[in-house]
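Okay, structure first, notes after.
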Amino acid sequence: MSPQESPRTFDAPPLPARGEPSVETAPASRNLLVDGQVRIDDYDPKWPYLFEREAERIREALGERVLRLEHTGSTSVPGLAAKPCVDMLLLVADSADEDAYVPDLEAAGYVLVVREPDWHEHRCFKGPDVNVNLHVHTVGDPEADRILAFRDRLRADPADRAEYQRVKRSLSERKWERIQDYADAKSEVVEAIIGRAMAERGA
(Lines give C-alpha, C1' and ligand atoms only; values in the text may rest on other atoms or scores of the structure.)
Protein backbone atom coordinates (compact mmCIF):
# COMPACT_ATOMS: atom_id res chain seq x y z
CA MET A 1 0.00 0.00 0.00
CA SER A 2 1.43 3.37 -0.99
CA PRO A 3 1.60 6.27 1.50
CA GLN A 4 -1.12 8.01 -0.49
CA GLU A 5 -3.45 5.02 0.05
CA SER A 6 -2.48 4.46 3.66
CA PRO A 7 -5.10 4.93 6.39
CA ARG A 8 -2.41 6.90 8.24
CA THR A 9 -2.62 9.60 5.57
CA PHE A 10 -6.41 9.89 5.36
CA ASP A 11 -7.69 8.95 8.82
CA ALA A 12 -5.28 11.01 10.90
CA PRO A 13 -5.95 14.73 11.44
CA PRO A 14 -4.26 16.84 8.77
CA LEU A 15 -0.67 17.61 9.59
CA PRO A 16 0.64 21.14 9.20
CA ALA A 17 3.36 22.10 6.76
CA ARG A 18 6.54 24.18 6.85
CA GLY A 19 7.60 23.31 10.35
CA GLU A 20 4.51 24.17 12.39
CA PRO A 21 3.84 21.44 15.02
CA SER A 22 0.36 21.16 16.45
CA VAL A 23 -0.43 22.35 19.96
CA GLU A 24 -0.56 18.77 21.21
CA THR A 25 3.03 18.14 20.14
CA ALA A 26 4.47 21.48 21.24
CA PRO A 27 4.22 21.69 25.05
CA ALA A 28 5.09 24.94 26.77
CA SER A 29 8.56 23.69 27.66
CA ARG A 30 9.35 23.52 23.94
CA ASN A 31 7.78 26.83 22.98
CA LEU A 32 10.35 28.89 21.11
CA LEU A 33 8.11 31.96 20.96
CA VAL A 34 8.10 34.01 24.16
CA ASP A 35 5.52 36.82 24.05
CA GLY A 36 5.77 36.66 20.27
CA GLN A 37 9.55 36.90 20.19
CA VAL A 38 11.74 34.04 19.04
CA ARG A 39 14.00 32.67 21.74
CA ILE A 40 17.63 32.78 20.66
CA ASP A 41 20.24 31.38 23.06
CA ASP A 42 24.01 31.71 23.02
CA TYR A 43 25.76 28.61 21.69
CA ASP A 44 25.49 25.72 24.14
CA PRO A 45 28.18 22.99 24.00
CA LYS A 46 25.61 20.44 25.10
CA TRP A 47 23.82 20.63 21.72
CA PRO A 48 26.20 18.20 19.94
CA TYR A 49 25.80 15.80 22.87
CA LEU A 50 22.00 15.96 22.55
CA PHE A 51 22.32 15.23 18.84
CA GLU A 52 24.47 12.17 19.50
CA ARG A 53 22.01 10.89 22.08
CA GLU A 54 19.08 11.23 19.70
CA ALA A 55 21.10 9.79 16.81
CA GLU A 56 21.75 6.66 18.84
CA ARG A 57 18.02 6.31 19.58
CA ILE A 58 17.14 6.71 15.89
CA ARG A 59 19.76 4.22 14.74
CA GLU A 60 18.52 1.70 17.28
CA ALA A 61 14.97 2.17 15.96
CA LEU A 62 15.74 2.02 12.24
CA GLY A 63 19.04 0.18 11.86
CA GLU A 64 20.22 -0.01 8.26
CA ARG A 65 17.30 2.10 7.07
CA VAL A 66 19.29 5.10 8.30
CA LEU A 67 21.25 5.95 5.17
CA ARG A 68 22.60 9.19 6.62
CA LEU A 69 21.97 11.09 9.83
CA GLU A 70 23.39 14.57 10.37
CA HIS A 71 23.26 17.36 12.93
CA THR A 72 22.11 20.46 11.03
CA GLY A 73 20.81 23.94 11.73
CA SER A 74 22.38 26.54 13.96
CA THR A 75 22.89 24.21 16.93
CA SER A 76 25.33 22.26 14.74
CA VAL A 77 27.60 25.29 14.23
CA PRO A 78 30.07 25.90 17.08
CA GLY A 79 29.80 29.42 18.45
CA LEU A 80 26.54 30.30 16.69
CA ALA A 81 23.55 31.52 18.69
CA ALA A 82 20.43 29.46 18.02
CA LYS A 83 16.92 28.55 18.99
CA PRO A 84 17.38 25.79 21.61
CA CYS A 85 16.06 23.10 19.27
CA VAL A 86 18.35 20.48 17.75
CA ASP A 87 17.76 20.03 14.02
CA MET A 88 18.55 16.62 12.56
CA LEU A 89 18.53 15.42 8.97
CA LEU A 90 17.62 11.79 8.37
CA LEU A 91 18.00 10.37 4.86
CA VAL A 92 16.07 7.20 4.04
CA ALA A 93 15.48 5.26 0.84
CA ASP A 94 12.09 6.91 0.24
CA SER A 95 10.67 9.47 2.65
CA ALA A 96 7.23 9.07 1.03
CA ASP A 97 7.14 5.42 2.14
CA GLU A 98 6.02 6.15 5.69
CA ASP A 99 5.30 2.51 6.48
CA ALA A 100 9.02 1.82 6.15
CA TYR A 101 10.07 4.06 9.03
CA VAL A 102 7.27 5.98 10.76
CA PRO A 103 5.93 3.13 12.96
CA ASP A 104 9.39 2.35 14.36
CA LEU A 105 10.15 6.02 15.03
CA GLU A 106 6.79 6.37 16.76
CA ALA A 107 7.55 3.31 18.85
CA ALA A 108 10.78 5.04 19.92
CA GLY A 109 8.77 8.05 21.07
CA TYR A 110 8.90 10.36 18.05
CA VAL A 111 5.79 12.18 16.87
CA LEU A 112 5.15 12.98 13.20
CA VAL A 113 4.13 16.65 13.12
CA VAL A 114 4.73 17.72 9.51
CA ARG A 115 3.97 15.94 6.24
CA GLU A 116 4.79 17.74 2.97
CA PRO A 117 4.27 15.50 -0.06
CA ASP A 118 4.48 18.52 -2.36
CA TRP A 119 7.80 19.76 -0.95
CA HIS A 120 10.52 17.14 -1.41
CA GLU A 121 8.30 14.58 0.39
CA HIS A 122 9.56 16.15 3.60
CA ARG A 123 8.49 14.75 6.97
CA CYS A 124 9.31 16.20 10.38
CA PHE A 125 9.13 14.59 13.82
CA LYS A 126 9.43 15.95 17.34
CA GLY A 127 11.55 13.99 19.80
CA PRO A 128 10.30 12.18 22.89
CA ASP A 129 12.07 14.40 25.43
CA VAL A 130 14.81 16.58 23.92
CA ASN A 131 13.54 19.50 21.82
CA VAL A 132 14.36 18.06 18.40
CA ASN A 133 13.21 18.64 14.83
CA LEU A 134 13.93 15.42 12.95
CA HIS A 135 13.67 16.22 9.24
CA VAL A 136 13.32 13.24 6.90
CA HIS A 137 14.23 13.36 3.21
CA THR A 138 14.97 10.82 0.52
CA VAL A 139 18.64 10.10 -0.05
CA GLY A 140 19.86 12.10 -3.05
CA ASP A 141 17.23 14.82 -2.63
CA PRO A 142 18.71 18.21 -3.65
CA GLU A 143 17.16 19.94 -0.63
CA ALA A 144 19.24 17.73 1.65
CA ASP A 145 22.36 18.85 -0.23
CA ARG A 146 21.37 22.48 0.32
CA ILE A 147 20.83 21.93 4.04
CA LEU A 148 24.28 20.38 4.43
CA ALA A 149 25.95 23.02 2.24
CA PHE A 150 24.45 25.75 4.44
CA ARG A 151 25.68 24.07 7.62
CA ASP A 152 29.16 23.48 6.25
CA ARG A 153 29.46 27.07 5.02
CA LEU A 154 28.48 28.46 8.43
CA ARG A 155 31.02 26.20 10.11
CA ALA A 156 33.82 27.24 7.77
CA ASP A 157 33.19 30.93 7.06
CA PRO A 158 33.36 33.39 9.99
CA ALA A 159 31.93 36.28 7.96
CA ASP A 160 28.84 34.36 6.86
CA ARG A 161 28.41 32.99 10.37
CA ALA A 162 28.56 36.50 11.87
CA GLU A 163 26.14 37.91 9.27
CA TYR A 164 23.66 35.10 9.84
CA GLN A 165 23.80 35.58 13.59
CA ARG A 166 23.31 39.34 13.20
CA VAL A 167 20.17 38.80 11.12
CA LYS A 168 18.80 36.23 13.56
CA ARG A 169 19.39 38.47 16.56
CA SER A 170 17.70 41.37 14.80
CA LEU A 171 14.67 39.34 13.75
CA SER A 172 14.34 37.83 17.22
CA GLU A 173 13.56 41.31 18.57
CA ARG A 174 10.40 41.51 16.46
CA LYS A 175 6.99 39.99 17.27
CA TRP A 176 5.88 36.91 15.32
CA GLU A 177 2.70 34.86 15.25
CA ARG A 178 4.49 31.72 14.07
CA ILE A 179 8.03 30.40 14.13
CA GLN A 180 7.67 29.80 10.40
CA ASP A 181 7.15 33.52 9.78
CA TYR A 182 10.49 34.18 11.48
CA ALA A 183 12.09 31.43 9.38
CA ASP A 184 10.65 32.93 6.20
CA ALA A 185 12.07 36.33 7.13
CA LYS A 186 15.55 34.79 7.21
CA SER A 187 15.21 33.35 3.73
CA GLU A 188 17.14 36.11 1.95
CA VAL A 189 20.31 35.72 3.99
CA VAL A 190 19.95 31.92 4.03
CA GLU A 191 19.67 31.75 0.24
CA ALA A 192 22.63 34.09 -0.19
CA ILE A 193 24.81 31.89 2.02
CA ILE A 194 23.64 28.71 0.27
CA GLY A 195 24.39 30.34 -3.08
CA ARG A 196 27.97 31.05 -2.03
CA ALA A 197 28.34 27.55 -0.65
CA MET A 198 27.07 25.89 -3.81
CA ALA A 199 29.22 28.15 -6.01
CA GLU A 200 32.27 27.16 -4.02
CA ARG A 201 31.39 23.52 -4.58
CA GLY A 202 30.96 24.17 -8.27
CA ALA A 203 27.29 23.16 -8.10
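All residue numbers in this chain count up from 1 along the given sequence.
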Parallel, tilted or perpendicular for His71 and Phe51, by the 30°/60° rule?
parallel

Does Arg65 use its side chain to pair, donor to acceptor, with the backbone of Leu62 at less than 3.5 Å?
yes

Would you say the side-chain atoms of Asp157 pair up with the backbone N or O of Asp160, donor to acceptor, closer than 3.5 Å?
yes

4.5 Å side-chain heavy-atom contact, Arg155 and Ser76
yes

Rounded to the nearest 0.5 Å, what separation is found between the OG1 atom of Thr138 and the CG atom of Asp94?
5.0 Å

Any side-chain heavy atom of Glu54 sitting closer than 4.5 Å to one from Asp129?
yes

Is the backbone N or O of Val113 less than 3.5 Å from a side-chain atom of Lys126, with the two atoms forming a donor-acceptor pair by type?
no

Take atom NZ in Lys175; do more than 12 heavy atoms of anything else shown fall under 6.0 Å from it?
yes

Within a strict 4.5 Å, meaning less than it, do heavy atoms of the Val136 and Tyr101 side chains meet?
yes

Flag the pair Arg166 and Glu163 as a salt bridge only when some basic side-chain nitrogen lies within less than 4.0 angstrom of an acidic carboxylate oxygen.
yes

Could you check if a side-chain atom of His137 sits within less than 4.5 angstrom of a side-chain atom of Arg123, using non-hydrogen atoms only?
no

Could you go through Asp184 and Lys186, starting from their C-alpha distance and side-chain angles, then the distance that decides it, and tell me whether this counts as salt bridge (charged side-chain N to carboxylate O under 4.0 Å, His left out)?
CA-CA 5 Å; Asp184 290 344; Lys186 296 187 301 176; over 6 Å; no

So, the side chain of Ser170 versus the backbone of Val167: is there a donor-acceptor pair under 3.5 Å, distance only?
no

To check you understand the geometry: which heavy-atom pair defines the closest contact between Trp176 and Val38, and what is its length?
CD1-CG2, 3.8 Å

So does Glu121 get a backbone contact from the side chain of Glu116, meaning a donor-acceptor N/O pair under 3.5 Å?
no

Would a 4.5 Å heavy-atom cut-off, applied to side chains only, mark Val102 and Tyr110 as touching?
no

Separation between CG (Leu134) and CG (Asp87), nearest 0.5 Å, reads 9.5 Å

Using 30° and 60° as the class limits, which term best fits the ring planes of His135 and His122: parallel, tilted or perpendicular?
parallel

Given side chains that start at C-beta, do those of Glu56 and Leu69 come closer than 4.5 Å, heavy atoms only?
no

In this structure, CG of Leu80 is separated from CG of Asp42 (nearest 0.5 Å) by 10.5 Å

Could you give the distance from CZ (Arg151) to OG1 (Thr72), rounded to the nearest 0.5 Å?
7.5 Å

Spacing of CZ belonging to Arg146 relative to CD belonging to Glu191, to within rounding of 0.5 Å:
4.0 Å

Is any NZ, NE, NH1 or NH2 atom of the basic residue among Glu70 and Arg68 found under 4.0 Å from an Asp or Glu carboxylate oxygen of the other?
yes

If you apply the rule ring-ring contact (aromatic ring centres under 6.0 Å, His included), what do you find for Phe150 with Tyr164, and how did you get there?
CA-CA 11 Å; Phe150 181 63; Tyr164 184 51; 5.2 Å; yes

Answer yes or no: is there a side-chain heavy-atom contact under 4.5 Å between Leu89 and Leu91?
yes

Asn131 versus Lys83, side-chain donor and acceptor atoms under 3.5 Å:
no

